[in-house]
Novice: 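This is the structure I want to talk about, given as structure tokens.
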Amino acid sequence: MTPDARRETLRAALADVRARIDAAARDAGRDPAEVELLAVTKTWPASDVALLTDLGLAEFGENKEQEGAAKAEELTALRPDAVARWRIVGRLQRNKARSLARWAHAVDSVDSPRLADALDRAAGAALDAGERSGPLHVLVQVSLDGAEGRGGVDVDHVQALAERVDALAHLSLDGVMTVAPRDADPAEAFGTFAAVAERVRCAFPHARTLSAGMSGDLEAAIEHGSTCVRVGTALLGTR
Ligand SMILES: *Cc1c(COP(=O)(O)O)cnc(C)c1O
């Protein structure tokens, strides 16, 4: 596909996704401006990210540290003036913390105290080295079905992990994230998630982010209070 054709494809897909977000927010009696769109660009090239910044997007999600680091660097070469913030949305090994602290704005998939501690140390080291200018933003990932594979902490352990993150000097607790279980009713899952998020927000009023909803279920997530939908396929195509 030529760059111009790709630009048009992305422009049309973005308009569709925005229309879905707007309609879902209106149906829920919410202001669409409360719902942020995170473009999940994993497996797609930096040239696509550059086109998405041209279209006004500024938040990008990656699930692998190395792929994200390379893409962030390429984007800077392609669009030196673009404002882009990168979030890690996938399972993360602790030995990647130091590297990601150089380029990532946030980690949305924190699901253990050990990972939180490693990220705190890494962010502190990156701050000392002048490699970043602020804390690493963090969402606690919630597992709604207790399944191991996709990460997340059990509902019962969310509050303790949020406390741990909040107490760490170089992390900023922004809220919670979830991926709806594969064979659950999304409305029920997102309802449970909203209750978990509300408990966290009661204890930590600044932790206001509810990251929920992807290409296939963003309407149900917005109906249940999502403030950030993470969209890959509907924006960029099928991987
Ligand atoms: C890939 C991914 C997404 C995007 O999923 P799509 O169905 O392609 O929109 C969202 N969240 C996480 C954690 C992901 O890994």
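Counting starts at 1 for both ligands and their atoms, following the listed order.
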Novice: Is it true that a side-chain atom of S215 and a backbone atom of A234 form a donor plus acceptor pair closer than 3.5 Å?
Specialist: yes

Novice: Mark up the atoms of ligand 1 that fall under 4.0 Å of a heavy atom belonging to V231, in ascending order.
Specialist: 9 (O)

Novice: Side chains of residues 151-161: which donor-acceptor partners sit under 3.5 Å, not counting sequence neighbours?
Specialist:
unit_1	atom_1	unit_2	atom_2	d
Q159	NE2	R199	O	3.3

Novice: Within the 4.0 Å heavy-atom shell around T233, which atoms of ligand 1 are there?
Specialist: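 Near T233, meaning under 4.0 Å from one of its heavy atoms, ligand 1 has 6 (P), 7 (O), 8 (O), 9 (O).
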
Novice: Salt bridge between R87 and E59, side-chain N to carboxylate O under 4.0 Å?
Specialist: yes

Novice: Considering G237, A212, G151, S215 one by one, which has a heavy atom nearer to atom 9 (O) of ligand 1 than any of the others?
Specialist: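 Of the listed residues, S215 has the closest heavy atom.
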
Novice: Any idea which of K42, M214, R230 brings a heavy atom closest to atom 14 (C) of ligand 1?
Specialist: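 Result: the heavy atom closest to atom 14 (C) of ligand 1 is in K42.
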
Novice: Assess whether atom CD of E198 is packed by more than 12 heavy atoms of other residues, nucleotides or ligands within 6.0 Å.
Specialist: yes

Novice: So for ligand 1, is A234 a polar contact partner (N or O within less than 3.5 Å, distance only)?
Specialist: no

Novice: Would you mind checking if E131 and R98 are paired as a salt bridge, meaning a charged N to carboxylate O distance below 4.0 Å?
Specialist: yes

Novice: Which residue holds the protein heavy atom closest to atom 13 (C) of ligand 1, what is that atom called, and what is the gap in Å?
Specialist: V89 O, 3.3 Å

